[in-house]
Protein chains: 2
Amino acid sequence: MGGDRQNTKAEILETTIPLFANRGYAGVSMRQIAQAVGIKAASLYHHFPDKGTLYIEALAQAFSKYAAFMSESFALQTRPEQRLHHLIHHLCIIVHEDDNFSKLMQREIMDGNEKRLELLADQVFSDFFQDMNELCLLLAPDHDPHLMSVSILGQIIYHFQITPIRPFLPGYSPEHDKAEIIAQHIMNLLTNGLNNSSE
Amino acid sequence: MGGDRQNTKAEILETTIPLFANRGYAGVSMRQIAQAVGIKAASLYHHFPDKGTLYIEALAQAFSKYAAFMSESFALQTRPEQRLHHLIHHLCIIVHEDDNFSKLMQREIMDGNEKRLELLADQVFSDFFQDMNELCLLLAPDHDPHLMSVSILGQIIYHFQITPIRPFLPGYSPEHDKAEIIAQHIMNLLTNGLNNSSE
DNA sequence: GTCTATAAAGGGATAGAC
DNA sequence: GTCTATCCCTTTATAGAC
């Protein structure tokens, strides 16, 4: 910001990701993108043929960054319970620190056509989700691993998804926004169910 | 559709709800709304002063409809386990049959300003969420009821949220899209945790 | 590689006839 | 209560100077 510009294209993408994440494809104009970058709208067309391509490339950049993060969780070869613990805490921290990824993903799931969704699934989630399924099969052999994976991911993502409205819901305290607290809660609920004993 | 039009304003709202749910506020134009209703764009301004008001009224209609549905779950005075069972199955069926509500809610959480979010929380969720908190306190006195409620809601909503991309995720089978299957899975996971025995 | 200028289309909204 | 016609602004995208 304010420095010299060695790689304008990369800078455009970095600037654009949070704009699309927060306001959606139709909610952001090329002029607004240009202004955020610090150039004129016409200059964007030197780097990208049209708005749609700019959006797709911003998506790809945002998703590739997080696909790398996610696969980290399974590099460690420890006990399944520890791997689940590590996975949940890791994901909570990632989603908590930067919500662009989950916002873009949500919008894609709502707006994206079949081709884009299939690409997203194959290139970003496929390996990660496969690993989760295997972990679920180890931890809960009597449950359907696909449903299990979705339930775990759903809890994590939803807890951060509702951050903007959470303060207005009954029983809220600022503790409920902290990644560590949420991670502990989810881990506890998963291992013990409602019939808790250890917390 | 094609019949006579006794109450155009109500018909506009009904037609508009799925448009805004699927494409978002910025993604739908007044001309497109008018075309879907079967009138000209100028006629919309006889019923609503501007696009923003039309959107708010469509939101209010969609939300009030489902706020009524949701409070049904707690009318029955039975054992807590049965109330949870009923709540989960009921919510799954509602969200499964009509996804406009959850899509609009998602978009509001992402796009809405603080005032709109506070209204949404107070007028739609407050009572329902309060009841959920009390139920959670009965079922799992050692868990934080607010986090517990969010975890339960999150699982339910997320399972249907990802419907468009689910077929591309590993381990998918068409069974995983059925409301009853999902409800059973969630109920089972909540009561037993990962260490399942009964399924 | 960025700019100014501009074309072409679509957006929200209003006036006034019927 | 709906229509046609229109205003004015914003949008995407291109052309061509620098």
Side-chain angles (χ1 to χ4, degrees), chain A residues 1-61 104 107-108 110-113 115-116, chain B residues 1-61 104 107-108 110-113 115-116:
Chain A
M1 241 190 269
D4 47 356
R5 200 193 309 284
Q6 288 193 347
N7 195 343
T8 310
K9 183 165 178 175
E11 194 178 327
I12 293 170
L13 291 176
E14 283 301 323
T15 308
T16 307
I17 287 170
L19 289 179
F20 280 136
N22 285 306
R23 292 190 248 156
Y25 179 78
V28 183
S29 74
M30 293 297 267
R31 278 177 175 76
Q32 289 168 335
I33 293 169
Q35 192 178 18
V37 177
I39 59 178
K40 295 295 175 182
S43 306
L44 292 173
Y45 290 89
H46 175 76
H47 303 279
F48 306 93
D50 51 36
K51 186 186 177 184
T53 306
L54 167 51
Y55 174 71
I56 296 288
E57 291 201 27
L59 264 193
Q61 170 137 340
L104 284 173
R107 294 194 188 274
E108 270 302 288
M110 284 193 291
D111 304 341
N113 56 44
K115 279 182 193 171
R116 287 228 301 267
Chain B
M1 240 193 269
D4 47 354
R5 200 192 310 282
Q6 287 192 348
N7 194 344
T8 310
K9 183 165 177 174
E11 194 178 328
I12 293 170
L13 291 175
E14 283 302 323
T15 308
T16 308
I17 287 171
L19 289 179
F20 281 136
N22 285 307
R23 292 191 249 156
Y25 180 79
V28 182
S29 74
M30 293 296 269
R31 283 173 174 79
Q32 289 169 336
I33 293 170
Q35 192 179 18
V37 177
I39 58 178
K40 296 295 174 182
S43 306
L44 292 173
Y45 290 89
H46 175 77
H47 303 279
F48 306 92
D50 51 35
K51 186 187 176 184
T53 306
L54 168 52
Y55 175 70
I56 296 288
E57 292 201 25
L59 265 193
Q61 170 137 339
L104 284 174
R107 293 194 188 275
E108 270 302 288
M110 284 194 289
D111 303 342
N113 56 44
K115 278 182 192 169
R116 287 227 302 266

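Order of the sequence lines fixes the chain letters, A, B, ..., with proteins taken first and strands second; residue numbering starts at 1 for each chain. Computed from a prediction, not measured in an experiment: that's the story for all the values here.
A close approach under 4.0 Å does occur between a side-chain nitrogen or oxygen of A:His47 and OP1 or OP2 of C:dT2. The phosphate of D:dT2 has neither OP1 nor OP2 within less than 4.0 Å of any side-chain N or O from B:His46.
With sequence neighbours left out, A:Arg23 forms a salt bridge (charged side-chain N to carboxylate O under 4.0 Å, His left out) with no residue at all. For B:Glu14, the side chain to side chain donor-acceptor pair (under 3.5 Å) test picks out B:Gln61, with sequence neighbours left out. Partners of A:Ala36 according to the side-chain contact (heavy atoms from CB on, under 4.5 Å) rule, which considers only residues two or more places apart in sequence or in another chain, are A:Thr15, A:Leu19. Under the rule for a ring-ring contact (aromatic ring centres under 6.0 Å, His included), the partners of A:Tyr55 that lie at least two apart in sequence or sit in another chain are A:Phe20, A:Tyr25. Applying the side-chain contact (heavy atoms from CB on, under 4.5 Å) rule to B:Gln35 yields no partners; only residues at least two apart in sequence or on another chain are considered. The side-chain contact (heavy atoms from CB on, under 4.5 Å) check on A:Ala42 picks up nothing, with sequence neighbours excluded.
Taking five base pairs at each end of the helix from C:dG1-D:dC18 to C:dC18-D:dG1, the local helix axes there meet at an angle of 0°, rounded to 10°.
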- line: Readout for nucleotides 11-18 of chain C: B = base within 4.0 Å of protein heavy atom, S = sugar-phosphate only, - = neither; 5' to 3' it is BBBBB---
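Between the C1' atom of D:dG1 and the CG atom of B:Asn7 lies a distance of 12 Å, rounded to the nearest Å. Protein atom CG of A:Leu44 is 13 Å distant from nucleotide atom C1' of D:dT11, rounded to whole Å. When the C1' atom of D:dA15 is taken as reference, atom NZ of A:Lys40 falls 18 Å away, rounded to whole Å. Rounded to an integer number of Å, the gap from NZ of A:Lys9 to C1' of C:dT2 is 17 Å.
Residue pairs meeting the salt bridge (charged side-chain N to carboxylate O under 4.0 Å, His left out) criterion with at least one partner in residues 26-55 of chain B, sequence neighbours excluded, do not occur; the list is empty.
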message: Working note: B:Ile17 + B:Leu59, criterion side chain to side chain contact (heavy atoms under 4.5 Å, CB included); need CA distance, chi angles, decisive distance, verdict.
response: CA-CA 7 Å; B:Ile17 287 171; B:Leu59 265 193; over 6 Å; no
